[in-house]
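In what follows, a single structure is set out as structure tokens and then discussed.
All of these numbers come straight from a predicted model, not from anything done at the bench. Computed from heavy atoms alone, side chains included, the values below leave out hydrogens, waters and symmetry copies. Indexing begins at 1, ligand by ligand and atom by atom, following the structure's order.
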Amino acid sequence: MAEVKTDYSAKAIKVLKGLEGVRRRPAMYIGDTGKRGFHHLLLEILDNAVDEALAGYAKNITVRLHGDGSVSVEDDGRGIPTDVHPELGISGVEVVFTVLHAGGKFDRKAYQVSGGLHGVGASVVNALSEWTEVIVKRDGKVWKARFSRGRVVEPLHPIGETDETGTLVRFKPDPEIFGHQEWDKGFIRTRLRELSYLVPGVRFRFIDESTGEEEVFESGGLVDFLLYIDEGNVPLFSPPFHMKKREGDYELELALHYTERDDERIISFVNTIQTTEGGTHVTGLRAALTKVINEYAQAHNMLRELKGKTLSGEDVREGLTAILHLKLPEPQFEGQTKTKLGTSQARTFVESAVAKEFRRFLEENPKAAQAIIQKAILAAKSRAAAKKARELVKRKSFLESDTLPGKLADCITKDPKEAELFIVEGDSAGGSAKQARDRRTQAILPIRGKIRNVEKAEAVKVLSNAEVRAIISAIGCGIKDECDPSKSRYGKIIIMSDADVDGAHIRTLLLTLFWRFMRPLVEEGYIYIAMPPLYRVKKGKRVKYLYSDEELEQVKREWGDKVEIQRYKGLGEMNPEQLWETTMNPETRTLKKVKVQDAVEADHLFSILMGKVVERRREFIEKNAQFVKNLDV
Ligand code: 28F
């Protein structure tokens, strides 16, 4: 605590140095300075408002796009403290916005939304914004402060009177830092919808001032979330099982039911952050379900058919959809994308809480218990039958068969290091690609418009889809637990589809397929997205291919009039030479490498927004068009 004695100016210098560091190495604090980092700033401020709601004070949270590149978040909580901090000699507001990691130092106790990169704090947003304006309503007054690039521009001062309380933060990300400068409404909407399910009782509002659009997200909690996700699937029992449990610092909410599908969907959150990679809380849930369902089945003499065997974890989870939200202080996150809970106490807490409540539920709802157990027994029997069949036949499955799909135009080289597979949407584009390619190193696999939606269908059906089988056998690395990237016949697998909404849809389907069935290929960086040009511009003899609307604007400005502009609606509109030059030639093309995070997001969108919900398809496709357009290299 030696710091307490240092004087104000020394403090101020230290503070400034801290935020200069953030500007020098922004990626260390927010991951990157592309689309994701840009949106991260908003999530950071939104998290602070959500913390105030989780602490029980804020009931309304509004996100506003102002149309000038700035965004604001407003809550009606207590308002950030305005009085002068005794040790630092500056107002609470200035502490929050200029001291790095204020969150940790001034421990707000409750469940801070802080995991992975979250929780780096408002000071990072200030450091990386051209300007930040803070309005606090508290103690009968309206207060205002302004900051710019980490510095105080207008210290906190009163500007009026009010009997309300709350905090409003408006900021404009700094164009000196961020390449990306556009707010993605789909992304913001998705997060607000998700938050409305996770923080029930809070009304989330989204306003776009440039169009006047206003949306409200408000819900009754995880049961609503569950029904939203499984809209269109028939539940085996209703209403769903729902529980809340609080013990010390831990708080758990769980909703689950079973549907006629046979996959497993456990969607888990920790302090409102989705834990895509699961973790100890999910392990606890699984353990409880296996234990309690077996106990019940045994006690009611329901396992005779299994001849002494018990139900496996997989058996009891066929058709399960569960949403689990655990709140705990200082969660430990692990894993590739820091979305796996590592805190070990979470496992025992969830396991014993769920076991107790779910046991009671089964006793009180014998029909539900019956349905769950019958389904699990069916799963166990078909698993056993499938195993027997495999042992009996002992032939190579189609997945590892030596025959390559008929539509594949393979390359000559057999060296995976230099071999590339282009998965091309549409037979006509496939034809052009075959003519355009370098036969030595490039293979072409044309696929038809609609591959099966991986999310909608059960694994068996997905794998019976001809397009999916062609992809799997062309790559040859196997799937699921047997997927081994070192067996891949190609070092690069390149998704090549049109730069329109349908193309985006297909890219997302393929990404989801890879993520669910050949995850190591994604993790080890085998998957790429080809970037065909959007425009060809010509003036006199000068020709240029353009890959974005921004580039087009620039050419229009710089080349002046008489520019011929051709807009490519699809790959099919390019002749083979053009396709080679712009999209396939390793010397001149641009490829985007798919990162784990990209696949996680595609998967997240699927698991949260798709299912069998056909009505939401349009909205979904629009979102993904955005998402894929903005993939980071
Ligand atoms: C638009 C974003 O940031 N809302 C916030 C509060 C409330 C308190 C607080 C925030 C005190 C000194 C750390 C109020 N009264 N919305 C927001 N609402 N921060 S941020 O305190 C911050 C601590 O530094 C608050 C009593 N305790 C806490």
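Look at Pro81 and you'll find a heavy atom under 4.0 Å from some atom of ligand 1. Ligand 1 lies less than 4.0 angstrom from a heavy atom belonging to Gly79.
Which parts of ligand 1 touch Ile45 is read off a 4.0 Å heavy-atom cut-off, strictly below it: atoms 1 (C), 2 (C). Using a 4.0 Å cut-off to heavy atoms of Val73, the atoms of ligand 1 that qualify are 1 (C).
With Trp131 as the aromatic partner, Arg146 meets the cation-pi criteria of under 6.0 angstrom to the ring centre and within 45 degrees of the ring axis. A cation-pi arrangement is present between Arg78 and Tyr57, with the terminal nitrogen or guanidinium carbon under 6.0 Å from the aromatic centre and inside a 45° cone about the axis.
Looking at Glu182 and Lys35, no side-chain N of the basic residue comes within less than 4.0 Å of a carboxylate O on the acidic one, giving no salt bridge.
On a distance-only criterion, Glu74 and ligand 1 share no N/O pair closer than 3.5 Å.
Close placement of the Phe241 and Phe358 rings is indicated, their centers lying within 6.0 Å of each other.
Pairs engaging residues 267-282 under the salt bridge (charged side-chain N to carboxylate O under 4.0 Å, His left out) rule: none recorded [sequence neighbours left out].
In this view, Asp208 and Lys185 satisfy the salt bridge (Lys or Arg N to Asp or Glu O under 4.0 Å) rule, not counting sequence neighbours.
Within the 4.0 Å heavy-atom criterion, the part of Arg138 lying near ligand 1 is the side chain and not the backbone.
Among Ile80, Asp47, Asp76, Val99, the residue whose heavy atom lies closest to atom 5 (C) of ligand 1 is Ile80.
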